[in-house]
Structure formats: structure tokens, C-alpha cells
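These notes concern the structure reproduced below.
The first residue in the sequence is number 1, and the count goes up from there.
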Amino acid sequence: MSEILPKTLFDKDVLEPALSVTELFLKLDHALKLSFGSPIWIRGEIRDRMTVKNGVCYFDLSDPESKNSYAPTINCVIWKESYSKIEAQLRANKVSINKGSVIKLRGVVKYFPGRSTIQ
């Protein structure tokens with residue numbers, strides 16, 4: 001069996017066409033839309049404090065089992081109309097959610113290539 005050596009700039013197949021960064025992000029966006037084009041349920045722990053600006057709620061969600069600071073994290077946004085309803089239900093049931101709370105939510109996965117983020 002022959003040993004597989006790392007590629008160098010002088011190998012012929014290194015000259016194969018490569019995707020541009022934009023093309024890569026377009027392919028990622030397309031794949032996400034195919035897989036997660038409709039709302040999904042997701043469970044996670046609120047990692048940072050919830051910030052509410054102009055009635056819009058922002059927070060980060062990670063796996064509750066992972067205490068690693070490099071754990072995958074999703075930036076979450078609850079738009080004003082939805083957040084006002086959720087906030088009213090939480091208040092009526094005397095429930096508060098904040099950093100460290102494990103929650104289950106339903107939403108649409110969105111990809112923002114300009115920021116290289118999933119929200």
C-alpha cells in the first residue's frame with residue numbers, strides 16, 4: 001500500500017476549480033433551506049442574558065449538557081409581536097426565563113452569510 005502524502009502547491013489536482021467564498025455560502029444557505037425550510041422545535045440553554053430592545057428579545061442558545069465555552073451556539077431572536085404574547089403568558093403563569101434556563105422553542109432557521117451566522 002502506498003503512503004498518502006499531503007498535497008503541495010505543485011500537485012496537478014490542486015489546480016482543480018475551487019468554490020469562491022460566496023459560492024460556498026450560497027451552497028450552505030441552499031442546503032439549510034432544503035433541510036430546515038419550515039419551523040422546527042429545538043431545546044437548549046440560554047447562555048447569555050436575554051436582551052430586549054424595542055420589544056424584540058435576543059439571546060444565545062446552546063446545548064445544556066455542554067459546559068464548553070466553544071459549544072455550538074445559535075443566536076435567537078423573538079420578534080416584537082411574538083415576544084409580547086410570550087411575555088404576557090410567562091407573567092400570567094409567574095414564570096421567568098433568563099440565563100441558565102433550559103427552554104424548548106419553535107422557529108425557522110435562518111442563515112446570514114454576511115455575518116457567517118445561523119439564527
Side-chain angles (χ1 to χ4, degrees):
M1 184 187 306
S2 65
E3 182 178 337
I4 299 174
L5 299 174
K7 303 243 182 260
T8 70
L9 291 174
F10 303 103
D11 289 330
K12 288 180 185 176
D13 59 343
V14 172
L15 300 177
E16 290 177 10
L19 293 174
S20 70
V21 173
T22 299
E23 290 169 327
L24 173 63
F25 283 123
L26 287 171
K27 286 183 176 287
L28 288 170
D29 186 44
H30 181 70
L32 282 170
K33 284 178 182 170
L34 285 176
S35 296
F36 303 108
S38 57
I40 61 167
W41 284 100
I42 188 165
R43 179 183 60 85
E45 178 182 344
I46 298 174
R47 284 292 166 105
D48 291 324
R49 67 183 180 90
M50 296 177 70
T51 304
V52 179
K53 291 182 182 175
N54 298 322
V56 179
C57 180
Y58 303 90
F59 58 94
D60 291 337
L61 203 63
S62 290
D63 284 330
E65 296 81 23
S66 177
K67 300 303 176 196
N68 182 343
S69 60
Y70 297 108
T73 302
I74 299 173
N75 302 316
C76 297
V77 175
I78 305 174
W79 299 111
K80 188 175 185 175
E81 184 179 308
S82 296
Y83 186 65
S84 64
K85 293 174 186 174
I86 292 168
E87 189 177 36
Q89 289 178 356
L90 290 170
R91 237 183 288 123
N93 289 289
K94 297 179 180 160
V95 174
S96 65
I97 56 174
N98 43 43
K99 182 178 177 179
S101 296
V102 176
I103 62 172
K104 181 177 166 182
L105 55 89
R106 184 171 169 82
V108 176
V109 177
K110 299 234 177 183
Y111 176 65
F112 298 92
R115 295 183 302 210
S116 302
T117 60
I118 295 173
Q119 189 175 59

Worksheet item: Would you call E23-K27 a salt bridge at under 4.0 Å N-O?
Response: no
Fill in: R47 side chain vs D63 backbone, donor-acceptor pair below 3.5 Å
yes
Practice prompt. Rounded to the nearest 0.5 Å, what's the gap from OG on S38 to NZ on K33? Could you check?
Written response: 14.0 Å
Side-chain donor-acceptor pairs under 3.5 Å in residues 76-86, sequence neighbours left out?
from: S84; atom 1: OG; to: K80; atom 2: O; distance (Å): 3.4
from: S84; atom 1: OG; to: E81; atom 2: O; distance (Å): 3.0

Worksheet item: Which heavy-atom pair separates P64 from E45 by the least distance, and what is that distance?
Response: CA-OE1, 3.3 Å
Worksheet, complete the sentence: Here the gap from L61 atom CG to I42 atom CD1, rounded to the nearest 0.5 Å, amounts to 6.0 Å
Fill in: Verify same cluster id: F36, F25 (apolar side-chain graph, 4.5 Å)
yes
Worksheet item: What pair of heavy atoms forms the shortest contact from A71 to S62, and how long is it?
Response: O-OG, 4.4 Å
Worksheet item: Which heavy atom in K53 sits nearest to a heavy atom in Y58, and how many Å separate them?
Response: CB-CE1, 4.3 Å
Discussion item. If hydrophobic clusters are built by linking Ile, Leu, Val, Met, Phe, Trp and Tyr wherever their side-chain heavy atoms come under 4.5 Å apart, do L32 and V21 end up in the same one?
Written reply: yes
Worksheet, complete the sentence: Rounded to the nearest 0.5 Å, the CG atom of D48 sits from the CG atom of N75 at a distance of 9.0 Å
Worksheet item: What's the spacing between I46 CD1 and T73 OG1 if we round to 0.5 Å?
Response: 12.5 Å
Only distances under 3.5 Å count here; give the side-chain donor-acceptor pairs of residues 95-110 to other protein atoms, sequence neighbours excluded, each with its distance to 0.1 Å.
from: S101; atom 1: OG; to: N98; atom 2: N; distance (Å): 3.0
from: S101; atom 1: OG; to: N98; atom 2: O; distance (Å): 3.0

